[in-house]
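Remember, predicted model here, so these are calculated numbers, not experimental data. Each residue takes its place number in the sequence, starting with 1. As a basis for the values below, the full set of heavy atoms in this structure was taken, side chains included, without hydrogen atoms, waters or symmetry mates.
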Amino acid sequence: MRPGAHRRRWVLVRLLLVAVVLAAAGCDRPPQPAPPADAATPTPTGPRAPTGPRAPTDVVLLSEVDPSIVVDVRYAGPHNFLGRPVDGYDEPLCLLTRTAAEALRRVQDAARAQRLSLRVYDCYRPQRAADEFVRWAKDPAAQQMKAEFYPRVAKSKLFADGYLGAPTAHSRGSTLDLTLEPRPAPPRASYAPGQPLVACTDPADRRFADGSLDMGTGFDCFDPLAHTADARVTGDARTHRQLLKRLMTGEGFVNYDREWWHYRYADEPYPDTYFDFPVARASLPR
């Protein structure tokens, strides 16, 4: 054996032994704990805990976006074509997606520049309310409000003629019914169940006076006269319809041509979703 070979061999043996010891130690190392999973969102508790479906995070109260817009939600009370509060309207509120509400605020800014204000009659509508409309339409005996809301159209034709629909774009959260009213607002009539009804197609000085501008018919008037471009509507009423349409379309809303009051925000965030949370503050995310 050459000189120094024995020493080098001994060094290699020692290095090999050290490697074996280190490898064994590595195998005995306890496994590292996995990162903790994200905690689940706690379920709301207490008196504000919802008992039904909740709105998505981008649904807001219109009054918190623009408190100057007049809110007159007819389906939360008795002055509507059913003659009673509608299922799902727990409070007389206007709920909208934030994008639609902010666009409506811009419409209100333009209206106020002309000494006018928006008045909203309906905004988000729960699916359960649309379902109630269907049940009502199938009941030929429930016609106590016919004299005001559909005096010249048979109740059996309201769906077929396009005045009612289920599902409805209202349930997607970016559609609303509205009108214009002057500023300062004139005196407004109050409705009492059982009072004499006047046809929504009658002249403005005879119809229910809610303080709005004359649009040729009342709100929720199921009649061809309510079609936005009906040629029989002339003078101030026609001018007012055209003004409302110009203001609304200027901010991205689209009119339904059979109802001068009905507008849908074109760039709606939920075009294929029909919600059923109640119209109530407790439905909103907090």
Side-chain angles (χ1 to χ4, degrees), residues 70 72-75 79-83 104 107-108 110-111 114 116-123 125 130 133 136-137 143 145-170 174-182 186 188-189 191 196-266:
V70 180
D72 179 16
V73 177
R74 294 288 182 86
Y75 297 145
H79 192 203
N80 56 63
F81 63 90
L82 271 68
L104 199 65
V107 176
Q108 175 73 341
Q114 302 189 45
L116 299 170
S117 174
L118 299 178
R119 166 186 283 268
V120 296
Y121 294 120
D122 190 33
C123 300
R125 181 184 305 165
F133 291 169
W136 170 85
Q143 303 217 41
M145 303 299 286
K146 177 177 174 58
E148 178 172 352
F149 292 97
Y150 51 107
R152 305 188 299 197
V153 176
K155 180 180 179 180
S156 61
K157 294 185 177 181
L158 293 181
F159 272 87
D161 289 353
Y163 298 115
L164 293 175
T168 171
H170 280 277
S174 298
T175 294
L176 69 155
D177 299 333
L178 79 169
T179 189
L180 291 167
E181 67 175 36
R188 300 166 184 158
Y191 173 78
L197 301 176
V198 177
C200 59
T201 52
D202 275 9
D205 60 354
R206 294 193 56 203
R207 295 196 307 265
F208 181 81
D210 66 359
S212 62
L213 295 182
D214 178 18
M215 293 286 179
T217 75
F219 164 63
D220 256 4
C221 188
F222 303 146
D223 192 275
L225 198 64
H227 296 187
T228 307
D230 191 287
R232 294 170 294 173
V233 178
T234 60
D236 288 345
R238 188 172 190 85
T239 298
H240 296 156
R241 287 189 186 188
Q242 292 173 340
L243 174 59
L244 178 62
K245 186 174 182 178
R246 186 165 62 251
L247 292 173
M248 294 295 286
T249 57
E251 293 298 338
F253 289 90
V254 179
N255 174 241
Y256 175 49
D257 62 0
R258 297 194 180 193
E259 297 176 347
W260 59 258
W261 55 83
H262 180 114
Y263 285 85
R264 174 182 61 85
Y265 189 59

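By the ring-ring contact (aromatic ring centres under 6.0 Å, His included) test, F208 pairs with H79, sequence neighbours left out.
Side-chain atoms of L118 and L180, non-hydrogen and from C-beta on, do get closer than 4.5 Å to each other. The shortest distance between side-chain heavy atoms of T228 and W261 does not fall below 4.5 Å. Contact of the V120 side chain with the D72 side chain is not registered, since no non-hydrogen atoms from C-beta on lie closer than 4.5 Å. Contact annotation: the side chain of R188 never approaches that of S212 to less than 4.5 Å [non-hydrogen atoms, C-beta and beyond]. Looking at L244 and L178, their side chains come closer than 4.5 Å, going by heavy atoms from C-beta outward. Side chains of V233 and L225 form a contact here, defined as non-hydrogen atoms less than 4.5 Å apart. When side chains are defined from C-beta on, E251 does not count as touching Y265, because their heavy atoms never get closer than 4.5 Å.
Taking the ring centroids of F222 and F149, they lie at or beyond the 6.0 Å cut-off.
Of all heavy-atom pairs spanning E181 and R119, the tightest one is OE1-NE, 2.9 Å. When all heavy atoms of R238 and D230 are compared, the closest pair comes out as NH1-O, 3.2 Å. F159 and F133 make their closest contact through CE1-O, 4.0 Å (heavy atoms, listed as atom of the first residue, atom of the second, distance). The nearest pair of heavy atoms linking C221 to A226 is O-CB, 3.3 Å. The two residues Y150 and K155 make their nearest non-hydrogen contact at CE1-CB, 3.7 Å. In plain terms, the two heavy atoms of R264 and A169 that are nearest each other are CD-CB, 4.3 Å.
Between the side chain of R241 and the backbone N or O of D214, no donor-acceptor pair lies under 3.5 Å. K146 contributes a side-chain N or O that, together with a main-chain N or O of V153, makes up a donor-acceptor pair within less than 3.5 Å.
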Step-by-step salt bridge (charged side-chain N to carboxylate O under 4.0 Å, His left out) determination, E148 to R207: CA-CA 9 Å; E148 178 172 352; R207 295 196 307 265; over 6 Å; no
Start with the C-alpha gap between Y121 and F219, add the side-chain angles, then the distance that decides, and say whether ring pair (Phe, Tyr, Trp, His ring centres under 6.0 Å) holds. CA-CA 8 Å; Y121 294 120; F219 164 63; 4.2 Å; yes
For D210 and R74, run salt bridge (charged side-chain N to carboxylate O under 4.0 Å, His left out): C-alpha distance rounded to whole Å, both residues' side-chain angles, the deciding distance at 0.1 Å, then the answer. CA-CA 11 Å; D210 66 359; R74 294 288 182 86; 3.1 Å; yes
Given salt bridge (charged side-chain N to carboxylate O under 4.0 Å, His left out), test R258 with D161 step by step and report yes or no. CA-CA 9 Å; R258 297 194 180 193; D161 289 353; 5.5 Å; no
Please step through ring pair (Phe, Tyr, Trp, His ring centres under 6.0 Å) for the pair F81 and W136, ending with a clear verdict. CA-CA 10 Å; F81 63 90; W136 170 85; 5.0 Å; yes
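A side-chain N or O of T217 and one of W260 form a donor-acceptor pair less than 3.5 Å apart. Under the 3.5 Å distance criterion, with hydrogens and angles disregarded, a donor-acceptor pair is assigned to the side chains of H170 and D177. With 3.5 Å as the limit, one finds a donor-acceptor pair spanning the side chains of Q108 and S117. Side chain to side chain, Y75 and D220 meet the donor-acceptor criterion of an N or O pair below 3.5 Å.
Between the CG atom of L243 and the CE atom of M215 there is a distance of 7.0 Å, given to the nearest 0.5 Å. The line from CG of D122 to OG1 of T175 is 10.0 Å long, rounded to the nearest 0.5 Å. The CG atom of L104 lies 5.5 Å from the CG atom of L176; values are rounded to the nearest 0.5 Å.
Atom NZ of K245 is surrounded by 12 or fewer heavy atoms from other residues, nucleotides or ligands within 6.0 Å.
Using a 4.0 Å cut-off between charged nitrogen and carboxylate oxygen, D223 and R152 count as a salt-bridge pair.
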